[in-house]
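Here is the structure we will look at, set down as structure tokens.
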Amino acid sequence: MEIEKKFLIRKLPENLTQHSVKHMEQGYLCTDPVLRIRKSNDRYILTYKSHIGLEEQKAGVRVNQEIEAPLNRDGYEHLREKVDGSLIIKDRYIIPLPDGHTGELDIFHGVLEGLVFIEVEFADQEDAQAFEPPEWFGDNVSDDYRYSNSFLSTCKDLSVFSIGKC
């Protein structure tokens, strides 16, 4: 089970380079349910995600059933040729937060250059509801479909954030 909140940021944290970073690519073979491939540094993963019904979620929190399986490089490269839409390219910084949670700050490249947001995962929905974001976090966009990576993979640029369409 994946329980997370997604936030825009007001400013990048200082000393960003002191945090570990994952150089990532991910692509989508299907978006409903989600079937995703991901390369994270030298690790290759196939992920299946299904959304939990809206009645089971609280506003501002995303809940998904998630299953991951390892891939080898050849399998990843083979499936990479079959992705729908654009391949997402990003750097993910792993940032310990003062309250003990961990933030995953995504800085996008390629067609999504300029997009930055942070995700925080939680043990349960109560933990997510009680979370107080640090002051450098911006708006909670967990309920905004435009910030889901599966939707972003369909975008050719960031125009969806200014005129409502990809």
Side-chain angles (χ1 to χ4, degrees), residues 2-51 60-95 97 102-121 133-134 136-166:
E2 176 187 61
I3 301 168
E4 67 183 11
K5 285 188 173 185
K6 197 173 286 194
F7 298 87
L8 298 178
I9 61 164
R10 288 187 171 86
K11 63 176 183 166
L12 288 174
E14 295 182 19
N15 302 318
L16 186 60
T17 57
Q18 77 182 13
H19 302 291
S20 66
V21 63
K22 298 176 183 177
H23 305 289
M24 302 174 81
E25 290 181 351
Q26 64 188 50
Y28 292 81
L29 302 166
C30 182
T31 58
D32 190 18
V34 171
L35 188 57
R36 174 188 74 202
I37 58 168
R38 176 182 280 170
K39 176 184 179 210
S40 178
N41 292 340
D42 292 326
R43 190 170 167 236
Y44 305 92
I45 306 157
L46 174 68
T47 303
Y48 169 84
K49 274 189 187 188
S50 62
H51 301 291
V61 180
R62 293 186 57 82
V63 181
N64 297 302
Q65 186 70 35
E66 184 175 276
I67 301 168
E68 291 188 344
L71 283 173
N72 61 29
R73 182 181 178 150
D74 290 341
Y76 174 83
E77 294 293 334
H78 176 77
L79 292 172
R80 185 175 183 247
E81 298 301 318
K82 299 176 183 333
V83 300
D84 294 335
S86 300
L87 193 67
I88 292 176
I89 302 167
K90 61 187 177 181
D91 291 326
R92 173 170 283 174
Y93 291 87
I94 309 304
I95 302 173
L97 301 176
T102 299
E104 296 178 341
L105 178 71
D106 288 345
I107 299 177
F108 291 80
H109 304 289
V111 298
L112 299 174
E113 187 75 39
L115 181 62
V116 179
F117 58 72
I118 191 163
E119 296 178 2
V120 181
E121 290 192 13
W136 58 273
F137 279 35
D139 292 338
N140 180 344
V141 294
S142 302
D143 290 334
D144 189 335
Y145 73 94
R146 297 175 303 168
Y147 293 94
S148 72
N149 284 293
S150 58
F151 176 78
L152 290 171
S153 73
T154 69
C155 296
K156 302 290 184 219
D157 55 37
L158 296 179
S159 62
V160 65
F161 298 105
S162 58
I163 61 171
K165 288 190 161 191
C166 279

Nearest heavy-atom contact between Asp106 and Lys90 is OD2-NZ, 3.0 Å
In terms of heavy-atom contacts, Tyr44 and Arg73 come closest through OH-CG, 3.5 Å
Residues passing the side-chain hydrogen bond (donor to acceptor under 3.5 Å, both in side chains) test with Arg10, sequence neighbours excluded, are none
task = Find out whether Leu105 and Leu16 are in side-chain contact, i.e. whether some heavy atom of one side chain is under 4.5 Å from a heavy atom of the other.
result = yes
Fill in: Whether Phe117 and Phe108 hold their rings parallel, tilted or perpendicular, with breakpoints at 30° and 60°
tilted
- Message: Checking His23 against Asp91: is there a side-chain donor and acceptor pair closer than 3.5 Å?
- Response: yes
Interatomic distance, CG@Leu79 vs CZ@Arg36, rounded to 0.5 Å, equals 13.5 Å
I'd like to check Ser153 versus Val83 (side-chain heavy atoms, cut-off strictly below 4.5 Å). Are they in contact? no
### Message
So Ile94 and Lys22, do their side chains get closer than 4.5 Å, heavy atoms only?
### Response
yes
Closest non-hydrogen contact found for Leu29 with Asp84 is O-OD2, 3.4 Å
- Task: May I ask you to check whether over 12 heavy atoms, not counting those of Glu14, lie within 6.0 Å of atom CD?
- Result: no
Output for pair (Ile37 CD1, Leu87 CG), nearest 0.5 Å, gives 7.0 Å
(request) Before giving the answer on side-chain contact (heavy atoms from CB on, under 4.5 Å), spell out for Glu121 and Thr102 the whole-Å C-alpha distance, their side-chain angles and the decisive distance to 0.1 Å. (result) CA-CA 7 Å; Glu121 290 192 13; Thr102 299; over 6 Å; no
- Validation row: Lys39, Arg80 side chains within 4.5 angstrom (heavy atoms): no
Legend entry - Tyr28 vs Ile88, side-chain contact (heavy atoms from CB on, under 4.5 Å): CA-CA, chis, key distance, verdict: CA-CA 9 Å; Tyr28 292 81; Ile88 292 176; 4.1 Å; yes
Contacts of Tyr93 meeting side-chain hydrogen bond (donor to acceptor under 3.5 Å, both in side chains) (sequence neighbours excluded), chain-then-number -> none
Closest non-hydrogen atoms of Gly103 and Ile118, given as atom of the first, atom of the second and distance, are CA-CD1, 3.8 Å
message: Between Arg92 and Met24 (side chain of the first, backbone of the second, donor and acceptor by atom type, cut-off under 3.5 Å), is there such a pair?
response: no
Between Ser148 and Lys6, the two heavy atoms sitting closest are CA-NZ, 3.9 Å
Interatomic distance, OG1@Thr154 vs CZ@Arg146, rounded to 0.5 Å, equals 12.5 Å
- Task: Taking the side chain as every heavy atom from C-beta outward, state whether Val21 and Asn41 have any pair of such atoms under 4.5 Å apart.
- Result: no
Does the side chain of Asn149 come within less than 4.5 Å of Val34's, by heavy atoms? no
Q.
Is any side-chain heavy atom of Lys156 closer than 4.5 Å to one of Ser86?
A. yes
All heavy atoms of Leu115 vs all of Leu152, minimum pair found to be CD2-CD1, 3.6 Å
Interatomic distance, CZ@Phe7 vs CD@Glu119, rounded to 0.5 Å, equals 10.5 Å
Rounded to the nearest 0.5 angstrom, the NZ-CD1 distance for Lys49 and Ile67 is 12.5 Å
Any non-hydrogen side-chain atom of Val111 less than 4.5 Å from a side-chain atom of Asp157?
no
In this structure, is the centre-to-centre distance between the rings of Tyr147 and Phe161 below 6.0 Å? yes
To the nearest 0.5 Å, atom CG of Asn72 lies from atom NE2 of His78 at 11.0 Å
